[in-house]
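For reference, the structure is listed below as structure tokens.
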Amino acid sequence: MIELREVRKAFNQGRTNEFWAIRGVSLTLEDNRVTVLKGPSGSGKTTLLSMIGCLSRPTEGRILLEGRALSGLPERFLTEVRRRTFGFIFQQFNLIKGLSVLENVMLPAYPIGRPRGALETEASELLERFALGEKARYRVEWLSGGEAQRTAICRALINGPRILVADEPTANLDTRLSRDFMSIVRDLRAVGKTVLLSSHDPEVYDSPFVDRVVQMRDGRVTDC
Amino acid sequence: MLLNPAILALLGVSAIVTLLVGAATAFGLHLLREWDIASGSELQLRLERRTYLIATLVAFSFVAELVSLLLFVYNAEAMHTQFVGAMCATGVLNVNPWGWPTLFLKIAVFFTGAVWLALNHLDNQGHDYPLVRVKYGLLLALFPLVLAAGAAQALFFLGLRPDVITSCCGALFSPESAGVAAEVAGLAPARAALALAASGALVLGAGSWVLLRGSGGGPFGAAGLLAFVVAIAAVVSLVALYVYEHPHHHCPFCVLKPGHDHVGYWLYVPLFAATALALGAGAVAPWRRVPSLAHAVPGEVRRRTRLAVIGYALFYAVATYAILRSNLTMTDVWW
Amino acid sequence: MPTWLLRQKYLIDFTLSSLLRRRAKNLGLLLVYTLIVFVLGSVMLFTHALRQEAAAVLEGAPEIVLQRLVAGRHDLLPASHLERIGSVRGVQKKEGRLWGYFYDPATRANYTLMVPHDRTIAGGEVVIGAGIARTRGLARGDFYTLRGQDGQPQTLRVADVLGSGSELVSSDLMLVSEDFFRRFFGIAPGLYTDVALTVRNPNEVRKIAEKLTLLLPDTRPILREEILRTYDAVFAWREGIVYVLLVGAVLAFVVFAWDKASGLSAEERREIGILKAIGWETGDVIRMKFWEGALVSLTAFLVGYLAAYVHVYYSDAALFEPVLKGWAVLYPRFQLLPTIDGLQVATLFFFTVFPYTVATIVPIWRAAITDPDAVMR
Ligand SMILES: Nc1ncnc2c1ncn2[C@@H]1O[C@H](COP(=O)(O)OP(=O)(O)O)[C@@H](O)[C@H]1O
Ligand SMILES: [Mg+2]
């Protein structure tokens, strides 16, 4: 369970262009649910997701994961928590060019130092599961959009996170691929994962697999 | 002044390392003034990120100082041909009064750096960085040491005059002359052997205690330092005699020469490494009472202690071996 | 394998593949880096070899050479001096030596004529150094004519050519008989060029030299250890000067390395951002970059040092030949004795790897503290 208490986030603090992107969000996100942050561009969805996912820290307020306060932790420990708890799927997929699909999937596990054999087996299994088994040795620049996203999903899952975070996952996909993505989300939920999405795409927030939609505007939650 | 590439390198490295550690200290002081671990401000984030730079600078300086300690000894050894009366590094260090202080300061820098890195490593495992103040406070001690080592070294090299007739290990470590070195050399071999054995038993015992009971890291660090001092004295007054197979040749450097199977490296490398580790263990141990470090301290202490004990054991084994295999019999001298 | 080791292995694997992916960019750096190591390494190995060569040569030299000075100039030494030396305690052996220089107009080179005391040479014969044999095209059994001090040509049969063991000194040597020598230079019997002394206890050399100057005030003793010391100092000093000159090159290299390290391409920046976003810690990125530097340094150092080694020891420092030995007509073709020593390697390390690393610390740190959420923007 994730709890946000009066979370606020400022950019360029103390300077003339100081900007409060999140202005007091309190929210509780239950485990094993699919939640969508919905709102117009610039409403603060990405900023909020990155704080929940331990990519950044709130300027004020507290974020608790299973009752443990994350917000006060230095980056070093946030990273620690992040790589065990969260998997990320980015809008631009963010795969590393020049590396193979398999290597891209294994990357998040490198700093953990798991034995290579076991890691490769697990990565290959994940790729099989997402119908990418044959492409494992391909370089990622040769993949189609859908394949690239599934590679990104595999990468997000490699460290066995409980929570998946996806920022605008369907922005670069057509309708069919967007639906495919949502069915993957359903499957992930079925195996017990918590999924957190941000989107202003109706394919996402109107999808039957979504449990909860949180409406955002100007850095505040307007409806949840 | 004598000019050669090694001197040039040593002077350059000292200057740069002093700058780097100076920068790290300045960053550290600035950081201490603004530090607020509870804050989520951008300033605090910048400061936290700066700790990575400081740690990198200190770690790098530590490695550079270690290599430069080696180079300093090598260079002194190599320069003995340029001074009348010098047969090895001892003679060169004696050419002017700054030789020995430079060496001692460099060793002090090495050990202080090792302690700093141990503390830093520990602190990085406490989610609230509880040792920030201790760490950057210690930088305030490290920096003057680095500066002093650099200054002493510069004075030493600038004051090297080829026309000086120096005295080498034969004279310096002869019991008849005055000074600390002579006193160390003048130590009766029997007493030195006794001291060596006692300090060895103490440090290995303290180490075993830590490994078995999981406490006593602090005393182990102290024992390690004591063992180090006694070990160096014993090398000069006892082990050297057996290595050279000569009842009056006390020299801590000649053992490094290839003629003696590099036995010096087998003695010094384990001894220095073990002492650095033991000091690290000693510095880390007291922090088990800090809640955020309680989980990390025992493991850190144990790991360092285990390696240190291996190092000391190796040192004592090599020293014993050097004595036993020697053809020197000291019956007349001893009893 | 322990976890921390595995972690380093992953980081190395990753950095290796990322180096290879940016081959073109890294090759330039590697080339410059290797070149720096090569140049500095060559200078170092070369002077070291010359130093050793000189020491090897002096190994066989007498501990003390006594020269007579008249009006501050080197003059011939009468046999009576030799007898008086006999009274100095500690002198084991004394020998009057005959040697001198001879200018050969045909090759426009100076040869050293010498009467050896460890072998006898027949009246009409000569033993020549390999350098002379080479330049004059002489072999054993050939005849060699030179013009003596009285203007008369003298013909000698080449009895032997000296081996090139330490050619540095024997290259221009001509060994002749005492008779021939005295006739050739017009030196009366009972006069010697100088005296070589062997001393029983090397620790007494200075004391004996002192006694000699008191006993024979018109002479000057030259000690072998003094020559060695001077050689050492001179070689070290020259090497030092060359290095001071090369510091400029090292600085240029540092600026170059700094520029390379801080001028990350957009692609690299994005990569680091991705790594941080997917769970790499700042320290992981720093370590990864550190391994990158270590790999580059190691390659440059090994290749550069090896190239310098080959250059100095197997091509006789061909690139330095014109600079360092250009003045000698009889350029000795000596085989330098290959050695590696810790002092040199450590010094070279401090002139190359150390500055490179210093130059890259801050750029690496800057790259490593990229915001983990940067890729989401
Ligand atoms: N690093 C930053 N510096 C300054 N302003 C930022 C930064 N990141 C985001 N913002 C601002 O914060 C607001 C919220 O951004 P974001 O969370 O990306 O919105 P969304 O994802 O809903 O489109 C925007 O107005 C954006 O311009
Ligand atoms: Mg967004």
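Atoms considered below: every heavy atom in the structure, side chains included; atoms not considered: hydrogens, waters and symmetry mates. The sequence lines fix the lettering, A, B, ..., with proteins before strands; numbering per chain opens at 1.
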Practice item. Evaluate whether atom CZ of C/Arg22 has more than 12 neighbouring non-hydrogen atoms of other residues, nucleotides or ligands under 6.0 angstrom away. Key: yes
Point to revise | From CE (C/Met376) to OG (A/Ser56), nearest 0.5 Å | key: 8.5 Å
Point to revise | Region of C/Asp13 that comes under 4.5 Å of a non-hydrogen atom in chain A | key: side chain
Study note, to complete from the structure: Applying a strict 4.5 Å limit to non-hydrogen atoms, the region of A/Leu119 in contact with chain C is side chain
Review point. Is chain C contacted by the side chain of A/Arg82, its backbone, both, or neither, given a heavy-atom distance below 4.5 Å?
Key: side chain
Point to revise | Contacting region of A/Tyr110 [heavy-atom separation from chain C under 4.5 Å] | key: both
Practice item. Go through A/Phe90 and C/Val375 one step at a time and tell me if the side-chain contact (heavy atoms from CB on, under 4.5 Å) criterion holds. Key: CA-CA 8 Å; A/Phe90 305 103; C/Val375 290; 4.0 Å; yes
Check your understanding: Does C/Phe256 CZ have over 12 foreign heavy atoms under 6.0 Å away?
Key -> yes
Practice item. Below 4.5 Å from any heavy atom of chain C, which atoms of A/Leu78 appear? Answer side chain, backbone, both or neither. Key: neither
Point to revise | Winner by heavy-atom pair count (cut-off under 4.5 Å) against chain A, out of C/Ala374, C/Ala277, C/Gly273 | key: C/Ala277
Check your understanding: Would you say the side chain of C/Glu281 lies within less than 4.5 Å of the side chain of A/Arg76, judging by non-hydrogen atoms?
Key -> yes
Check your understanding: Side chain, backbone, both or neither: which part of A/Asn94 has a heavy atom under 4.5 Å from chain C?
Key -> both
Point to revise | Interchain contact, C/Ser17 with chain A, by part (heavy-atom threshold 4.5 Å) | key: side chain
Check your understanding: Between A/Arg114, A/Gln92, A/Glu75, A/Glu103, which has the largest tally of heavy atom pairs under 4.5 Å with chain C?
Key -> A/Arg114
Point to revise | Student check: side-chain heavy atoms of C/Asp371 and A/Leu55 closer than 4.5 Å | key: no
Review point. For A/Arg212, does the CZ atom sit with more than 12 other heavy atoms under 6.0 Å from it, leaving out its own atoms?
Key: yes
Exercise for review: Would you mind checking which part of C/Gln8 comes under 4.5 Å of any heavy atom in chain A, side chain (CB onward), backbone (N, CA, C, O), both or neither?
Suggested key: neither
Study note, to complete from the structure: Closest non-hydrogen atoms of C/Gly279 and A/Pro111, given as atom of the first, atom of the second and distance, are O-CG, 4.2 Å
**Study point:** chain A contact via C/Leu11 - which portion, at a heavy-atom distance below 4.5 Å
**Key:** neither
Check your understanding: Where does A/Arg155 contact chain C at under 4.5 Å (heavy atoms): side chain, backbone, both or neither?
Key -> side chain
**Study point:** Pairing of A/Arg57 and C/Asp373 as salt bridge, 4.0 angstrom limit
**Key:** no
**Study point:** Interatomic distance, A/Leu107 atom CG to C/Tyr10 atom OH [nearest 0.5 angstrom]
**Key:** 11.0 Å
Review point. Are any side-chain N or O atoms of C/Arg7 and backbone N or O atoms of A/Gly113, one a donor and one an acceptor, separated by less than 3.5 Å?
Key: no
Check your understanding: Can you tell me how far the CG atom of A/Leu95 sits from the CD atom of C/Glu271, to the nearest 0.5 Å?
Key -> 11.5 Å
Review point. Taking C/Arg21 for the side chain and A/Lys97 for the main chain, is one N or O donor matched with an acceptor at less than 3.5 Å?
Key: yes
Review point. Distance from A/Asn159 atom CG to C/Ile278 atom CD1, nearest 0.5 Å?
Key: 9.0 Å
Check your understanding: Do other residues, nucleotides or ligands put more than 12 heavy atoms under 6.0 Å from A/Arg189 CZ?
Key -> yes
Review point. Can you check whether A/Thr79's main-chain N or O pairs, donor with acceptor, with C/Trp280's side chain at less than 3.5 Å?
Key: no
Check your understanding: Tell me, side chain or backbone of C/Arg270 under 4.5 Å from chain A's heavy atoms, or both, or neither?
Key -> side chain
